[in-house]
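The block underneath contains the structure these notes are about, expressed in structure tokens.
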Protein chains: 2
Amino acid sequence: MAMVRRGNREERCSVTRERILDTAIGLFSTRGYSGATTREIAQQAGVAEVTLFRHFASKENLLEAVISHYSAIPGLKSFLPRALEMPYEQALIGMADLFLDTLFQLRDWIRIMHAEVQRSPDKLITIYHSFLDELFEIFASYFRELQKRGTLRDFDPDLGARVFHGMFYSFFNMEELLGRRDYRPTDRARAVREFVSLFIHGTLAMRDSR
Amino acid sequence: MAMVRRGNREERCSVTRERILDTAIGLFSTRGYSGATTREIAQQAGVAEVTLFRHFASKENLLEAVISHYSAIPGLKSFLPRALEMPYEQALIGMADLFLDTLFQLRDWIRIMHAEVQRSPDKLITIYHSFLDELFEIFASYFRELQKRGTLRDFDPDLGARVFHGMFYSFFNMEELLGRRDYRPTDRARAVREFVSLFIHGTLAMRDSR
DNA sequence: TGCCAATGCAAGTAAGCGCTTGCATCATAT
DNA sequence: ATATGATGCAAGCGCTTACTTGCATTGGCA
């Protein structure tokens with residue numbers, strides 16, 4: 001086995017830990033929690049099974065570590081001030097792109113959440129809900145500000161956020177979570193543009209030439 | 001154990017089979033395929049475990065039976081001709097309601113698909129993809145017809161279908177799949193109305209008074 | 001009445017699971 | 001140079017799993 005041989009002791013330790021976590025999130029996401037075995041996780045991480053249990057007290061413990069380790073929310077929030085300086089369409093495209101990037105980065109984490117939120121301790125649910133709340137609030141606060149400025153009409157910003165989220169989440173869901181990249185390999189940039197356009201102008205004809 | 005005692009032989013047999021299937025879809029959807037045990041399925045269905053294996057050659061076989069047994073697509077397609085006679089907004093609300101009803105009916109089936117599409121044989125994926133294709137085609141063909149009539153402007157009807165689907169699918173996803181009914185118990189009728197309104201008119205202000 | 005098919009019950013099998021123990025190795029920190 | 005701590009290896013423990021076997025019961029059917 002390829003033991004971690006270099007570096008000082010702390011580093012060696014944390015590198016091993018990270019390798020286990022990296023492998024675990026992948027296997028949990030593809031096989032599910034019950035379907036993934038500690039033997040396979042250890043083997044694929046290139047460590048002995050006993051090492052896995054020296055780092056994590058139990059399999060359940062490992063799952064918790066995986067979930068908290070990869071739940072980091074990215075720079076979507078920091079994009080908001082910049083978005084407010086941009087033209088509406090450009091800002092929405094930027095937000096959509098950043099949102100999709102985020103989803104694709106977190107896809108394994110999201111898969112685990114989806115699969116395990118059922119049989120799960122409240123811990124998972126709480127984490128997932130706060131993740132979603134944060135997400136929605138980013139979108140909603142953007143819409144709220146533009147409504148204050150008079151750029152947007154008077155719709156419910158929270159429901160607007162859900163619509164915006166829904167369009168792109170289900171796109172991601174279809175492209176990534178459903179397992180096959182070769183199913184409807186829709187051009188992402190084109191989809192984003194068309195989605196944003198529909199979100200901005202709606203579907204009705206006869207109001208201007210666009 | 002409450003054996004099935006009445007009815008002729010065929011009926012008795014198919015009733016038992018159905019009871020096993022009913023229990024299985026519930027347990028597969030909450031615990032996942034690996035997490036659900038044949039013991040518990042049999043017990044909860046009120047039959048001996050050995051009876052389960054007399055009806056289904058293996059656990060995998062039972063999963064396949066569950067999936068094909070509950071995959072029926074409902075009356076959304078038959079709504080289309082009627083929708084074409086309605087005013088646009090009313091038709092969209094009707095389609096959205098029917099779509100949501102369908103999703104809530106199929107929620108266990110959908111959960112299983114989501115969880116097992118990963119480690120799965122191509123069978124599952126194929127079934128799920130054709131389910132989605134059928135769904136999208138219903139929406140897209142409706143938009144295509146209205147574009148032909150000049151009611152709708154010239155957007156890509158397939159992407160429009162995905163947006164329409166996405167709004168409501170992610171609503172369903174949040175209300176039902178994420179495990180907790182008490183999270184954002186959004187009023188469904190209001191959400192449908194607002195979603196449809198956004199889909200029709202977009203978000204921009206300053207074009208008419210609505 | 002007598003056969004038969006659907007089911008139950010009890011016991012068991014082989015394999016795999018999460019997890020533990022005891023001991024050896026070896027690079028680093030002192 | 002020695003102690004230490006992270007790791008590997010091999011074996012195994014107790015338990016659960018999917019699945020099987022043999023036999024008894026029961027109700028429908030000829």
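The figures here come from the full heavy-atom set of this structure, side chains too, leaving out hydrogens, waters and symmetry mates. Proteins get letters first, then strands, A, B, ... in listed order; numbering begins at 1 in each.
Partners of Thr37(B) by side chain to side chain contact (heavy atoms under 4.5 Å, CB included), not counting sequence neighbours, listed by chain and number: Arg39(B), Glu40(B).
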Could you list all N or O pairs between the protein and nucleotides 12-19 of chain D that sit under 3.5 Å apart?
from    : atom 1 : to       : atom 2 : distance (Å)
dA18(D) : OP1    : Ala36(B) : O      : 3.4
dA18(D) : OP1    : Lys59(B) : NZ     : 3.0
dA18(D) : OP2    : Thr38(B) : N      : 3.1
dA18(D) : OP2    : Thr38(B) : OG1    : 3.0
dC19(D) : OP2    : Lys59(B) : N      : 2.6

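The distance from atom CG of Leu52(A) to atom C1' of dG8(D) is 14 Å, rounded to the nearest whole Å. Gln43(A) has its CD atom 13 Å from the P atom of dA10(D), to the nearest Å.
Remark: the Arg54(A) side chain and the dG5(D) base include no donor-acceptor N/O pair separated by less than 3.5 Å.
When the side-chain nitrogen and oxygen atoms of Thr51(B) are compared with OP1 and OP2 of dT7(C), none of them lie within a distance under 4.0 Å. Between dT7(D) and His55(A), a contact under 4.0 Å exists linking OP1 or OP2 to a side-chain N or O. Contact between the side-chain N/O atoms of Thr16(A) and the OP1/OP2 oxygens of dT7(D) is found at a separation under 4.0 Å.
Side-chain contact between Phe171(A) and Val192(A): absent, with no pair of heavy atoms (C-beta onward) separated by less than 4.5 Å.
Using a cutoff of 4.0 Å between basic side-chain nitrogens and carboxylate oxygens, Arg144(B) and Glu137(B) are scored as salt-bridged.
A ring-ring contact (aromatic ring centres under 6.0 Å, His included) with Phe164(B) is found for exactly one of Tyr169(B), Phe155(B), Tyr142(B), Phe199(B), namely Phe199(B).
For the pair Gly35(A) and Val50(A), both in contact range of DNA chain C, the more 5′-proximal nearest nucleotide belongs to Gly35(A).
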Name every donor-acceptor pair, under 3.5 Å, that has one atom in a side chain of residues 75-96 of chain B and the other anywhere in the protein, sequence neighbours excluded.
from     : atom 1 : to        : atom 2 : distance (Å)
Lys77(B) : NZ     : Glu134(B) : OE2    : 3.4
Ser78(B) : OG     : Gly75(B)  : O      : 2.8
Tyr88(B) : OH     : Thr203(A) : OG1    : 2.7

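For the pair Arg31(B) and Tyr33(A), the cation-pi test (distance below 6.0 Å, angle within 45°) is failed.
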